[in-house]
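Read the structure below first, then the notes.
Bear in mind that the values here come from a model prediction, so they are computed numbers and not experimental data. Numbers restart at 1 for each chain; the letters A, B, ... are given by sequence-line order, proteins then strands. All values below come from the heavy atoms of this structure, side chains included, with hydrogens, waters and symmetry mates left out.
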2 protein chains.
Amino acid sequence: MDADIIRESLESSGLRCTPQRYAVMAFLMERNSHPTAAEIFDAVNRVDPRCSRATTYNNLRDLVQAGLVREVAVEGRGARFEAIQTRHHHFICDQCGAVEDLDWYDVPKPAGAALGKRVFRDCELIFRGLCQQCAKRKPKS
Amino acid sequence: MDADIIRESLESSGLRCTPQRYAVMAFLMERNSHPTAAEIFDAVNRVDPRCSRATTYNNLRDLVQAGLVREVAVEGRGARFEAIQTRHHHFICDQCGAVEDLDWYDVPKPAGAALGKRVFRDCELIFRGLCQQCAKRKPKS
DNA sequence: GTCTTAGATTAGATATATTCTAAACAGCAT
DNA sequence: ATGCTGTTTAGAATATATCTAATCTAAGAC
Ligand SMILES: [Mn+2]
Ligand SMILES: [Mn+2]
Ligand SMILES: [Zn+2]
Ligand SMILES: [Zn+2]
């Protein structure tokens, strides 16, 4: 049962474990997808404790600030989120926009000279192409 | 003079070279930044030929479809664009959101098994941290 | 237990970003 | 000129995100 894990991670970040906040965090942890705020709002309201649109956005903001959730860099209109788990890269489908996880592997950093006076924190690899479903549907160009 | 280069690249993609479309493309080519649609709209209207908001968006859509422009993957609300030039990676500032180019260097692809039945097209590396300006402003944590 | 208070939630209004609509326009071919 | 196709336009409509001010909740003080 990761109910306690969620509760503790919220509280150790200085966030109260409210039903709404818990529902948002639990939803993100039990999915390996990259849902939009609208999808999260719909999902957590399909079960009981009502969570308003503002609260969904507020909680996503708080969870990102607390470092428990990240906003994923994608092109397209709606922000997408994921719970922070093991490091991984992303695959984005040209056709349907699906964002899928790929296992992490180390990536060479740019040369110090290229970074200049910037402060490096992290890096992430984005692959593009066709996801399995779209590849199947489009046999040859 | 790259006026003819722009004209030709538009026409060889099957797009008429209208003043509005030219202005959008020229603006993207003479900048190495990653402007939002709103910034592009403002910039092309600072000079003469008026370009409505809808036309700015229409042309950005057409230019992306034609493969002359790409939408950059970033977190945050407004889509960002860049003319397609030499391959490069990106650095995104945690603090101010600036998107900067880094010289291209090759990146190892994931193992075939990890890609599964997906069709690989391209990959891109995103670095994160503090840009030069924000690093200066924030000496130590 | 009651009080106090900071934090959290809410509905709805507002702000921002993007797309749609329908009419007008521009260039080209007949 | 006429028609054709692609383009532009203002404004409306939709989608996405944030703000406001009132209310609620729960943890700590008493
Ligand atoms: Mn992911
Ligand atoms: Mn770039
Ligand atoms: Zn796909
Ligand atoms: Zn910065």
Side-chain angles (χ1 to χ4, degrees), chain A residues 6-27 34-45 47-66 68-81 97 99, chain B residues 6-27 34-45 47-66 68-81 97 99:
Chain A
I6 294 176
R7 183 180 317 277
E8 279 164 29
S9 63
L10 290 175
E11 284 169 354
S12 74
S13 300
L15 297 172
R16 281 192 198 160
C17 182
T18 66
Q20 294 87 348
R21 187 170 284 155
Y22 179 94
V24 169
M25 190 68 205
F27 175 71
H34 304 79
T36 63
E39 288 166 348
I40 297 166
F41 172 76
D42 290 345
V44 302
N45 280 307
V47 297
D48 194 42
R50 301 255 117 208
C51 181
S52 74
R53 198 174 315 275
T55 296
T56 306
Y57 279 101
N58 287 344
N59 280 328
L60 286 169
R61 187 211 333 98
D62 296 344
L63 291 168
V64 168
Q65 273 186 355
L68 299 172
V69 166
R70 100 166 41 120
E71 186 181 337
V72 183
V74 286
E75 65 270 31
R77 308 144 219 52
R80 285 162 171 268
F81 299 88
V99 181
Chain B
I6 295 175
R7 183 180 316 276
E8 278 164 30
S9 63
L10 291 175
E11 285 170 353
S12 75
S13 299
L15 297 172
R16 281 193 201 159
C17 181
T18 67
Q20 294 87 347
R21 186 170 287 153
Y22 179 93
V24 169
M25 191 67 207
F27 175 71
H34 304 81
T36 63
E39 288 166 347
I40 296 167
F41 171 76
D42 290 345
V44 303
N45 281 306
V47 297
D48 191 43
R50 301 256 118 208
C51 181
S52 73
R53 198 173 316 274
T55 297
T56 305
Y57 279 100
N58 287 343
N59 279 327
L60 286 168
R61 185 209 336 98
D62 295 343
L63 291 168
V64 168
Q65 273 186 355
L68 299 172
V69 166
R70 101 168 38 124
E71 186 181 337
V72 183
V74 286
E75 64 269 29
R77 306 144 220 48
R80 287 163 170 266
F81 299 88
V99 181

Taking [atom1] from [X] and [atom2] from [N], how many angstroms apart are they, rounded to a whole number?
X       : N      : atom1 : atom2 : answer
A:Arg50 : C:dA8  : CZ    : P     : 22 Å
B:Glu11 : D:dG6  : CD    : P     : 15 Å
A:Asn58 : D:dT20 : CG    : P     : 12 Å
A:Tyr22 : C:dG7  : OH    : C1'   : 21 Å
B:Asp62 : D:dT5  : CG    : P     : 18 Å
B:Glu75 : D:dT16 : CD    : P     : 18 Å
A:Asn45 : C:dT9  : CG    : P     : 12 Å
B:Phe41 : C:dT19 : CZ    : P     : 15 Å

**Q.** Atom pair CG/CG of A:Leu15 and A:Leu63 - distance to nearest 0.5 Å
**A.**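 With rounding to 0.5 Å, CG (A:Leu15) is 6.5 Å from CG (A:Leu63).
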Q: First locate atom SG of B:Cys17, then atom CD1 of B:Ile6, and finally report the distance between them rounded to the nearest 0.5 Å.
A: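 Taking SG in B:Cys17 and CD1 in B:Ile6, the distance rounds to 8.0 Å.
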Is there a side-chain polar atom (N or O) of [X] under 4.0 Å from OP1 or OP2 of [N]?
X       : N      : result
B:Tyr57 : C:dT19 : no
B:Asn59 : D:dT8  : yes
B:Ser52 : D:dT8  : no
A:Gln20 : D:dT25 : no
A:Thr18 : C:dG7  : no

If you only use heavy atoms from C-beta on, which nucleotide in [options] is closest to the side chain of [X]?
X       : options               : answer
B:Arg77 : D:dT9, C:dA17, D:dT8  : C:dA17
A:Arg16 : C:dA26, C:dT9, D:dT25 : D:dT25
A:Ala54 : D:dA17, C:dA8, D:dC19 : D:dC19

Q: Could you tell me whether A:Arg61 contacts a base, only the sugar-phosphate backbone, or nothing, with contacts defined as non-hydrogen atoms closer than 4.0 Å?
A: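 No contact.
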Q: Could you check whether A:Ala38 gets within reach of a base, just the sugar-phosphate, or nothing at all, counting any heavy atom under 4.0 Å?
A: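 The answer is nothing, as A:Ala38 stays clear of every strand by at least 4.0 Å.
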Q) Does the A:Ser12 side chain pair with the main chain of A:Glu8, one donor and one acceptor, at a distance under 3.5 Å? A)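 Between the backbone of A:Glu8 and the side chain of A:Ser12 there is a qualifying donor-acceptor contact (under 3.5 Å).
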(Q) Quick one, B:Thr36 with B:Glu39, criterion side chain to side chain contact (heavy atoms under 4.5 Å, CB included). Give me CA distance, side-chain angles, the key distance, then yes/no. (A) CA-CA 5 Å; B:Thr36 63; B:Glu39 288 166 347; 3.3 Å; yes
Q) Closest nucleotide of DNA chain D for B:Arg53 versus for B:Leu15: which of these residues is on the 5' side? A)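 Upstream on the strand: B:Leu15.
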Q: Dump the intermediate steps for side chain to side chain contact (heavy atoms under 4.5 Å, CB included) on A:Arg50 and A:Asn45, then the final yes or no.
A: CA-CA 5 Å; A:Arg50 301 255 117 208; A:Asn45 280 307; 4.2 Å; yes
